[in-house]
Every structure is written in C-alpha cells, then in structure tokens.
Amino acid sequence: MKDPLEIGGTGPTASPASPASPASPAPTEDVTPPERRPLALSASRAADFRQCPLLYRLKAIDRIPEPKTRAQVLGTVVHSVLEELYTLEQSERAPGRAVELVPAAVGHFYDVDGGAEVVPPADRGQFESEVAALVSALYGVEDPRRFSPAACEQYLVTATSSGTPLHGYLDRVDVAPTGEVRVVDYKTGKPPRPRYRDQAMFQMRFYALMYQQVHGVVPTQLKLIYLRNGSWLTLSPDLGSLVETEAQLDSLWAEIERAGRLGDFPPRSSRLCDWCSHQALCPAFGGTPPEYPGWPESRVIPLDPTTPDAGPAGPRST
C-alpha cells in the first residue's frame with residue numbers, strides 16, 4: 001500500500017554542482033558591536049567550524065556582518081512563498097495559485113527588506129520570474145494538495161544528552177496519519193556532487209537529532225529538495241545513526257568551547273576561501289582578525305522534558 005506521505009521514493013540522479021560567484025568583501029568600517037549572548041550550535045555554524053575555525057569565530061563570536069548575496073535572498077524569498085502556500089487550504093494549492101503568491105513576497109523583499117541593495121530594481125522582473133520558477137519546481141517533486149504539513153519554519157531548541165546546546169529551523173515537518181515523520185529542507189541551489197552528499201545530509205541528521213530529542217520520535221525520512229533542477233535526496237535514519245550524530249556534535253562542541261576559551265581559531269585554507277567575504281580579516285590572505293572579544297559562554301538548555309521545545313525565533317544564521 002502506498003504510504004500517505006509517499007515516503008520511500010528515490011530521487012533522480014543529481015547533476016554536479018557549480019561553484020557560486022566569489023563573494024564581495026565584507027564591510028570593515030567600524031560598527032556598533034552586536035549584543036553578545038551565550039552560544040548554541042546550529043547546523044550552519046557546525047558546518048562553518050568544520051570548514052574553517054576562524055570563519056566560525058568571525059560569524060558566531062565576533063558576528064562580523066556579511067554582505068547579502070543574490071543567491072541568499074533568492075532562497076529567503078522562495079522559502080517565504082512556500083511557507084505561505086501551506087497556509088492555504090489543500091484544495092487551493094494549485095500551481096497557478098502558488099505563482100500568484102510570488103509578487104507579494106518579492107514586493108515585501110523590496111519594500112521591507114531593502115531588496116534593491118542586493119537585486120537592482122532593473123532586475124526585479126527577472127528575479128520575480130526566477131522565484132516563480134523555483135516555486136513551480138516543487139510540483140515536479142510532490143503535490144502540496146495531497147497533504148498538509150504539521151509545521152513549517154519550526155524553530156527548535158534542545159540539547160544532547162551531554163548538554164551540547166542545539167538550535168535550528170526545520171523548513172517543514174510532515175506527519176502521516178499512521179505516525180511516520182518526514183523532515184524536509186528546501187534548497188534553491190544545485191545538488192552536490194555525489195562525493196559531497198554526506199556533507200549535505202549532515203545538516204539533515206542534525207535536524208533529525210533535534211526532532212528526536214524534542215519529540216522522542218526518530219523521523220522516518222529526511223528529504224532534501226533541490227528546486228533548481230527538481231531533484232531530491234533522502235535518508236532514513238535510525239536510532240543508532242542519531243546516537244552517532246550526537247557523539248559527533250558533542251565532540252565538535254567540545255572543540256569549539258576549547259577554542260573559545262583559548263581564543264584559538266586558526267584559518268583553514270581550502271578552495272572555498274575564494275568565496276569567503278572575510279579575506280581582509282584572515283591571516284592566510286595577509287589580513288588581521290579583530291581583537292578577540294572573549295568566549296561568550298555556552299547556552300545552557302535544560303534537559304527537563306517539560307521544557308518548551310521552541311524558543312523565540314532568533315536569526316537563522318546564529
């Protein structure tokens with residue numbers, strides 16, 4: 001019998017990813033220091049530390065602002081349209097109706113979020129068309145009229161059994177009438193090359209662990225949807241794999257805390273440096289990092305199961 005959520009399908013073969021355009025340098029003028037607060041680990045910051053400890057420091061501790069890129073804001077607008085789509089009644093989620101939501105989202109991007117600073121008004125029509133194409137691509141993967149998510153853009157705060165503080169947003173959570181849980185994440189870029197797929201799924205295992213810690217249920221399926229070419233990757237975790245993920249995150253957080261107390265976040269050079277906006281602050285490029293402000297301490301998240309599972313929604317990049 002077919003699963004109510006159509007869990008268990010396999011996606012088409014993913015095409016190789018193309019590198020993004022090199023990022024513009026981050027602004028280096030003096031700015032008011034952002035408010036310091038105890039840190040928790042998100043999937044994106046975990047990836048930053050694994051890529052380059054200095055990158056993690058500049059983003060999470062110094063909180064150096066980075067210039068927005070077209071690719072980033074494109075993803076933000078597409079996510080907002082898809083979130084709005086699932087507020088409609090199932091019967092109203094036709095492809096044409098989804099596209100009708102795009103102009104308002106793009107208008108909000110320009111009128112409220114300062115979109116013209118990233119996408120010139122002359123390019124607005126092209127940008128809107130690209131958003132519409134990516135939203136429409138979802139219908140080549142699944143039909144939003146066939147189910148209603150349990151949650152969209154859900155913010156979770158939890159901790160591992162050893163106390164590593166975790167937080168993050170789940171793009172979508174689907175729960176079948178029979179109880180199976182699917183955690184979905186949308187990507188507006190191209191899928192990774194096969195040898196980098198495990199890195200892509202690391203984020204999904206992170207989300208699965210958080211969901212399991214909060215709800216006591218191991219998701220049946222983790223699904224990454226690549227709207228750029230209508231492909232997807234899936235993973236079916238089990239408790240053993242989540243225990244392994246938990247151990248990896250505990251080890252990683254211990255490294256981060258140790259580096260934080262010592263103030264030792266060395267740069268780690270790789271091909272990804274070409275797209276880093278912090279080269280002016282990196283010794284590998286002849287730059288000098290700002291004076292280390294000190295470790296802001298780790299966020300303490302109670303392990304009491306009666307503690308609310310969602311806190312106030314902070315910045316997605318924190």
Side-chain angles (χ1 to χ4, degrees), residues 17 19-73 75 118 160 162-169 187 189 192-193 195-196 198-203 205-206 245 247-299 314-318:
S21 300
S24 302
T28 56
E29 65 269 15
D30 291 337
V31 294
T32 302
E35 177 186 358
R36 288 169 60 76
R37 56 180 183 240
L39 298 180
L41 190 62
S42 67
S44 56
R45 294 293 81 82
D48 286 340
F49 189 84
R50 296 170 80 187
Q51 176 186 326
C52 172
L54 179 59
L55 178 64
Y56 172 88
R57 181 203 138 171
L58 295 175
K59 285 187 175 183
I61 300 176
D62 296 281
R63 298 178 68 189
I64 304 295
E66 294 182 299
K68 293 181 180 178
T69 67
R70 192 180 189 282
Q72 289 170 341
V73 298
V118 187
T160 68
S162 298
T164 295
L166 308 175
H167 74 143
Y169 287 84
K187 299 296 183 186
R193 296 176 185 273
R195 63 176 176 170
Y196 296 122
D198 187 64
Q199 295 180 23
M201 295 309 293
F202 171 80
Q203 173 189 9
R205 290 193 295 269
F206 187 108
T245 298
Q248 291 173 342
L249 294 178
D250 285 338
S251 177
L252 183 66
W253 188 245
E255 287 185 55
I256 292 173
E257 286 190 312
R258 187 180 310 111
R261 301 195 190 288
L262 295 174
D264 183 22
F265 291 89
R268 181 177 298 146
S269 298
S270 72
R271 294 181 61 186
L272 296 175
C273 294
D274 292 341
W275 292 272
C276 180
S277 61
H278 298 296
Q279 292 181 6
L281 302 175
C282 179
F285 289 85
T288 302
E291 181 179 354
Y292 183 57
W295 177 244
E297 299 304 324
S298 302
R299 186 171 179 178
R316 289 191 66 134
S317 60
T318 301

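Below, all heavy atoms of this structure are taken into account, side chains as well, without hydrogens, waters or symmetry copies.
- A donor-acceptor pair under 3.5 Å is formed between the side chain of Tyr292 and the backbone N or O of Gly260.
- Partner of Arg57 under the side-chain contact (heavy atoms from CB on, under 4.5 Å) criterion, chosen from Pro266, Cys52, Pro293: Pro293.
- In this structure, Leu249 CG and Thr164 OG1 are separated by 7.0 Å, a value rounded to the nearest 0.5 Å.
- Asp198 pairs by the salt bridge (charged side-chain N to carboxylate O under 4.0 Å, His left out) definition with Arg205, not counting sequence neighbours.
- For Glu257, the side chain to side chain contact (heavy atoms under 4.5 Å, CB included) test picks out Trp253, Arg261, Trp295, Ser298, with sequence neighbours left out.
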Can you list, pair by pair, the side-chain donor-acceptor contacts under 3.5 Å of residues 279-291, counting residues two or more places apart and other chains?
residue, atom, partner, partner atom, Å
Gln279, NE2, Cys273, O, 2.7

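- Here the side chains of Asp62 and Phe265 are not in contact, with every heavy-atom distance at 4.5 Å or above.
- Arg70 is linked by a side chain to side chain contact (heavy atoms under 4.5 Å, CB included) to Val119, Gln126, Phe127, Glu130, counting only residues two or more places apart in sequence or in another chain.
- Going from atom CG of Leu252 over to atom CZ of Phe49 covers 6.0 Å, rounded to the nearest 0.5 Å.
- The distance from atom NE2 of His167 to atom CG of Leu41, rounded to the nearest 0.5 Å, is 7.5 Å.
- Shown here are the side-chain hydrogen bond (donor to acceptor under 3.5 Å, both in side chains) partners of Thr245, two or more places apart in sequence or in another chain: there are none.
- Remark: Lys59 NZ to Glu66 CD distance equals 4.5 Å, nearest 0.5 Å.
- Rounded to the nearest 0.5 angstrom, Ile64 CD1 and Leu55 CG are separated by 11.5 Å.
- When all heavy atoms of Arg37 and Pro296 are compared, the closest pair comes out as O-CB, 3.7 Å.
- The distance from atom CD1 of Ile256 to atom CZ of Arg50, rounded to the nearest 0.5 Å, is 10.5 Å.
- Side-chain contact of Ser44 with Ser42: a donor-acceptor pair under 3.5 Å is present, judged by distance alone.
- Taking Phe202 as the reference, nothing meets the ring-ring contact (aromatic ring centres under 6.0 Å, His included) condition, with sequence neighbours excluded.
- Shown here are the side chain to side chain contact (heavy atoms under 4.5 Å, CB included) partners of Leu272, two or more places apart in sequence or in another chain: Gln51, Ser270.
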